[in-house]
2 protein chains.
Amino acid sequence: MLDSAERLCVARGSRLTELRRLVLGLVLDAGRPVGAYDLLDGLRADKKGAAPPTVYRALDFLLEQGLIHKIQRLSAFVGCTHVLDASHAHAGGCHPHAAQFLICTGCGQVTELDDRNIVHALVDATRDIGFMVRQSTVEAEGLCGACRTGSPVPARADGAP
Amino acid sequence: MLDSAERLCVARGSRLTELRRLVLGLVLDAGRPVGAYDLLDGLRADKKGAAPPTVYRALDFLLEQGLIHKIQRLSAFVGCTHVLDASHAHAGGCHPHAAQFLICTGCGQVTELDDRNIVHALVDATRDIGFMVRQSTVEAEGLCGACRTGSPVPARADGAP
DNA sequence: AAGTTATACGTTATAATATAACAAATATCG
DNA sequence: CGATATTTGTTATATTATAACGTATAACTT
Ligand SMILES: [Zn+2]
Ligand SMILES: [Zn+2]
Ligand SMILES: [Zn+2]
Ligand SMILES: [Zn+2]
């Protein structure tokens, strides 16, 4: 996964440095939204005196490259589950793709969608009034299937089963 | 406008107190997104020793009543432009309606939409995977018609023309 | 009206998130 | 190599938000 990201960056002429790679690894390992300061704690295992700007700069890079997304409602970051797909990855252009996120308040899990219909509906509605969308944030909060049907899989921060 | 909000609250059995009314007035007067600490400054004109919890509690109430919205990308608040419409106002139910926001990076203006198609697209996409949406955040950043066609109307914080 | 409960507000302190500014190190390219 | 651009280290601070607890006000019940 990290190697794929590296190859993508090389193809784009951007540099996935050791630091950025470390941060990306931490985000991907978590498998759920992680706050910048949690990442900072994790980072300090390898980089003793790391400070907030260290992690925020790495996050900025990863966001630009579309390797991660920021969940605004949680002030947290998740790995992109689409960027490495053949259909989405490309060398040039504006890297962060439009995405939609489903946040389950039961188990904390976040699902990333890449739904053309939602994007279309948004663009249609805005074009009517002359607005040109450059970036969009679409986040829904609710209950995932498992949590609704009573099979909660609380893969939460505390790891409680 | 404030009086309409008051009538709505009375009909719902909630209390638009003087403090909450003051904060709502500040948000509506601004006509654009305002941060909590800007509101706090404004509030201090009337309430000398106001502190953060004062304004955040008022904002929480106004959000619950659907009288204002929070723009997540800006950590700022705007008055709802639909809640007082006859078609939207009602005494019971879950007050904060689904809304979409267009944020112009040119002039800072924010437009609120209440577009059924967008909501539908979102609900459709989520139902497929068993997810039940309770609340949604839809925010688009880009350029409004005026800013695109070169007639920027920078009604910004600093008031610079 | 008096007593009781619930709601709202005041106050202090602190948590959590994010950036500014500048110096030092490292990579890139002619 | 030497010039240039990019990345990282470091310190300090800005911005946004909440915890905790006591007091005041409103609403409800005898
Ligand atoms: Zn993605
Ligand atoms: Zn769940
Ligand atoms: Zn609204
Ligand atoms: Zn504009």
Side-chain angles (χ1 to χ4, degrees), chain A residues 5-6 9-10 12-27 30 33-65 67-78 108 137 139 157-158, chain B residues 5-6 9-24 26-27 30 33-65 67-78 137 139 157:
Chain A
E6 181 123 39
C9 285
V10 168
R12 287 171 173 172
S14 66
R15 298 172 26 206
L16 186 64
T17 63
E18 185 198 348
L19 182 64
R20 292 163 175 173
R21 195 184 165 111
L22 269 170
V23 173
L24 178 57
L26 289 168
V27 174
V34 206
Y37 280 75
D38 288 338
L39 292 170
L40 184 54
D41 286 343
L43 191 58
R44 280 175 171 150
D46 294 84
K47 298 275 184 183
K48 281 276 179 175
T54 306
V55 70
Y56 276 105
R57 280 191 290 231
L59 290 170
D60 283 346
F61 172 84
L62 297 170
L63 286 169
E64 279 169 18
Q65 298 297 317
L67 294 168
I68 64 172
H69 295 284
K70 179 174 185 179
I71 311 293
Q72 302 286 340
R73 292 176 75 102
L74 305 177
S75 293
F77 303 85
V78 291
T137 298
E139 299 173 6
D158 46 48
Chain B
E6 181 124 39
C9 286
V10 168
R12 287 172 173 173
S14 66
R15 300 179 348 175
L16 186 66
T17 63
E18 185 197 349
L19 182 64
R20 293 163 173 173
R21 194 184 165 111
L22 269 170
V23 173
L24 178 57
L26 290 168
V27 174
V34 206
Y37 282 74
D38 287 338
L39 292 170
L40 184 54
D41 286 342
L43 191 59
R44 280 174 170 150
D46 295 83
K47 298 276 184 182
K48 281 276 180 175
T54 306
V55 71
Y56 276 104
R57 281 192 289 232
L59 290 170
D60 284 345
F61 171 84
L62 298 171
L63 286 169
E64 278 169 20
Q65 298 298 316
L67 295 168
I68 64 172
H69 295 284
K70 178 173 184 179
I71 311 293
Q72 302 285 343
R73 291 176 75 102
L74 304 177
S75 292
F77 303 85
V78 290
T137 298
E139 299 173 5

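Per chain, numbering begins at 1; letters A, B, ... match sequence-line order. Bear in mind that the values here come from a model prediction, so they are computed numbers and not experimental data.
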Query raised in the report: Are L19(B) and L43(B) close enough that some pair of their side-chain heavy atoms sits under 4.5 Å apart?
Result: yes

**Report entry** Nearest-Å distance for atom pair CG/C1', residues D38(A) and dA18(C)
**Finding:** 15 Å

Query raised in the report: What's the closest nucleotide to the S75(A) side chain, out of dA18(C), dA27(D), dA20(C)?
Result: dA18(C)

Query raised in the report: Taking CG from L74(A) and C1' from dT16(D), how many angstroms apart are they, rounded to a whole number?
Result: 16 Å

Query raised in the report: Taking the nucleotide of DNA chain D with the closest heavy atom to each, which residue, G35(B) or R15(A), is nearer the 5' end?
Result: R15(A)

Requested in this report: Measure the distance from CG on D41(B) to P on dT16(D) and round it to the nearest whole Å.
Outcome: 11 Å

Query raised in the report: How many Å lie between CG on L59(A) and C1' on dT19(C), as a whole number?
Result: 13 Å

Query raised in the report: Roughly how many Å is it from CD in E64(B) to P in dA8(C), rounded to a whole number?
Result: 9 Å

Query raised in the report: Picking from dT19(C), dG10(C), dA17(D), which would you name as closest to the side chain of P53(A)?
Result: dT19(C)

Requested in this report: May I have the distance from L63(B) (atom CG) to dT18(D) (atom P), rounded to whole angstrom?
Outcome: 11 Å

Query raised in the report: Counting side-chain heavy atoms from C-beta on, which of dA27(D), dT17(C), dT11(C) comes nearest to A51(B)?
Result: dT11(C)

Query raised in the report: Closer than 4.0 Å, any side-chain N/O of R57(A) to the OP1 or OP2 of dA18(C)?
Result: no

Query raised in the report: With distance as the sole criterion, do the side chain of Y37(B) and the base of dA14(D) form a donor-acceptor contact below 3.5 Å?
Result: no

Report task. Decide yes or no for L16(A) and L62(A): does some side-chain heavy atom of the first lie under 4.5 Å from some side-chain heavy atom of the second? Result -> yes

Requested in this report: Could you tell me whether a side-chain N or O of R44(A) sits under 3.5 Å from a main-chain N or O of A50(A), the two making a donor and an acceptor?
Outcome: yes

Query raised in the report: Is the distance from OP1 or OP2 of dA17(D) to the nearest side-chain N or O of K70(B) less than 4.0 Å?
Result: yes

Query raised in the report: Looking at the side chain of P52(A), which of dT19(C), dA17(D), dT28(C) is the nearest nucleotide?
Result: dT19(C)

Report task. Would you please confirm or rule out a distance under 4.0 Å between OP1 or OP2 of dA17(D) and any side-chain N or O of Y56(B)? Result -> yes

**Report entry** Donor-acceptor side-chain pairing of T137(B) and Q72(A) below 3.5 angstrom
**Finding:** no

Report task. Please tell me if the side chains of I68(B) and V23(B) come closer than 4.5 Å, counting only heavy atoms from C-beta onward. Result -> no

Report task. Please check the phosphate of dT11(C) (OP1 and OP2 only) for any side-chain N or O of T54(B) closer than 4.0 Å. Result -> no

Query raised in the report: Within this structure, what is the CD-to-P distance between E18(B) and dC9(C), rounded to whole angstrom?
Result: 9 Å

Query raised in the report: OP1 or OP2 of dT8(D) sitting under 4.0 Å from any side-chain N/O of R20(A)?
Result: yes

Report summary line: Separation of dT17(C) atom P from I71(A) atom CD1, nearest Å, is 14 Å

